[in-house]
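Each remark here refers to the structure printed beneath this line.
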Amino acid sequence: MTPDLFSGLSDQPTVEAFDEGVVVLRRQAVKHQQALMRDIEKVTRQAPFRHMKTPGGHQMSAAMTCCGPLGWVTDETGYRYQPQDPLSGLLWPAMPESFLSLARTAAQEAGFPGFDPDACLINRYQPGAKMGLHQDKDEKDFAWPIVSVSLGLPIVFQFGGLKRSDRPARILLEHGDVVVWGGPARLRYHGVLTLKAGEHPVTGSARYNLTFRKAG
DNA sequence: AAGTATCC
DNA sequence: ACAT
């Protein structure tokens with residue numbers, strides 16, 4: 001019997017190679033948690049969290065917003081990146097410096113120097129929220145990695161293969177953990193299981209996820 | 001199919 | 001499996 005949950009052992013920052021092109025940076029964002037939370041609040045004052053609709057007509061259980069030059073949106077017509085927030089018609093809020101420096105540093109530490117993201121999705125998971133297995137494939141080219149930052153309540157991340165039918169590994173993601181995937185792993189399916197209720201000293205009853213991409 | 005429902 |  002082998003363990004089926006890849007989880008951090010320590011509260012100290014560590015770098016763990018998971019698979020080719022996949023690195024888990026444990027607790028990497030903890031030292032910036034105050035700035036990150038302040039900047040999430042700042043972004044969401046301009047571009048509030050909302051539950052987007054998928055092309056199939058269903059609502060996503062995670063509330064989302066974006067910052068940076070491009071934002072990811074979904075509606076009945078499909079998925080795309082666009083410069084404007086469809087809710088306001090205005091440009092997405094600027095990407096906070098705290099976000100950018102974390103994303104660049106994490107990418108570099110994971111072996112992807114020179115990462116310059118132009119899009120950051122901010123997802124808010126409340127108890128019951130989840131996200132099914134999917135690929136990030138709406139970006140123009142796949143040369144750059146995805147950088148995913150977890151804040152607040154823990155959740156089980158599913159990291160699959162290049163085919164939906166590949167059985168996903170389970171990785172417990174906790175506050176401050178950063179996952180970076182690129183190269184041969186760039187199009188691997190991923191998602192999260194349902195968030196369980198809990199209380200976190202920094203985020204309360206929620207988990208926030210910042211996902212950085214080079215979309216355009 | 002970034003969604004839900006149903007069956008084995 | 002299924003629909004938009």
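Below, chain A is the first sequence line, B the second, and so on; all start at residue 1. Worth knowing before you read on, the calculation uses all heavy atoms, side chains too, and leaves out hydrogens, waters and symmetry mates.
- In the displayed structure, A:Lys31 atom NZ is contacted under 6.0 Å by more than 12 heavy atoms of other residues, nucleotides or ligands.
- Across the protein-nucleic acid pair, A:Arg50 atom CZ and B:dA2 atom P stand 20 Å apart, rounded to whole Å.
- When the C1' atom is compared between B:dA2 and B:dC7, the two are found 24 Å apart, to the nearest whole Å.
- Scanning both residues, A:Ala103 and A:Phe115, for their nearest heavy atoms gives O-CD2, 3.9 Å.
- One interatomic measurement links the two molecules: CE of A:Met52 to P of B:dG3, which rounds to 13 Å at whole-angstrom precision.
- A salt bridge links A:Arg50 and A:Asp85; the closest N-O separation between the charged side-chain nitrogens and carboxylate oxygens is under 4.0 Å.
- Taking the P atoms as reference points, B:dC8 lies 22 Å from B:dT4, given to the whole Å.
- When A:Thr14, A:Asp177, A:Asp11 are each tested for a side chain to side chain donor-acceptor pair (under 3.5 Å) with A:Arg26, only one passes: A:Asp177.
- Distance from the side chain of A:His58 is smallest for B:dG3 among the nucleotides B:dG3, B:dA2, B:dA1.
- Using a 4.0 Å cut-off, no side-chain N or O of A:Lys53 falls inside it from OP1 or OP2 of B:dA2.
- Look at CE on A:Met60: it is 13 Å from C1' on B:dT4, rounded to the nearest Å.
- Considering only the side chain of A:Pro55, C:dT4 comes nearest among B:dA1, B:dG3, C:dT4.
- Regarding A:Leu121, its CG atom lies at a distance of 14 Å from the P atom of B:dA2, rounded to whole Å.
- Residue A:Arg164 has a polar side-chain atom (N or O) positioned under 4.0 Å from OP1 or OP2 of B:dA2.
- Regarding A:Gln135, its CD atom lies at a distance of 11 Å from the C1' atom of B:dA2, rounded to whole Å.
- Within 4.0 Å of A:Asp75, counting heavy atoms only, lies no atom of the nucleic acid at all.
- Aromatic ring orientation, A:His190 versus A:Phe157: tilted (interplanar angle from 30° to 60°).
- In this structure, the CE atom of A:Met64 is 13 Å from the C1' atom of B:dG3, given to the nearest Å.
- A:Glu139 places none of its side-chain heavy atoms less than 4.5 Å from the side chain of A:Trp144.
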Salt bridge (Lys or Arg N to Asp or Glu O under 4.0 Å) evaluation trace for A:Asp116 with A:Arg104:
CA-CA 7 Å; A:Asp116 184 27; A:Arg104 286 174 170 154; 2.9 Å; yes
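- With B:dA1, B:dA2, C:dT4 as the candidates, the nucleotide lying closest to the side chain of A:Lys137 is B:dA1.
- As judged by a 4.0 angstrom heavy-atom cut-off over every strand, A:Gly57 is placed among residues making no nucleic acid contact.
- DNA chain C forms no stem, meaning no run of 3 or more consecutive Watson-Crick or G-U wobble pairs whose two key distances fall under 3.5 Å.
- Distance A:Glu76 CD to B:dA2 C1': 15 Å, rounded to the nearest Å.
- Atom CG of A:Leu193 is separated from atom C1' of B:dA2 by 15 Å (rounded to the nearest Å).
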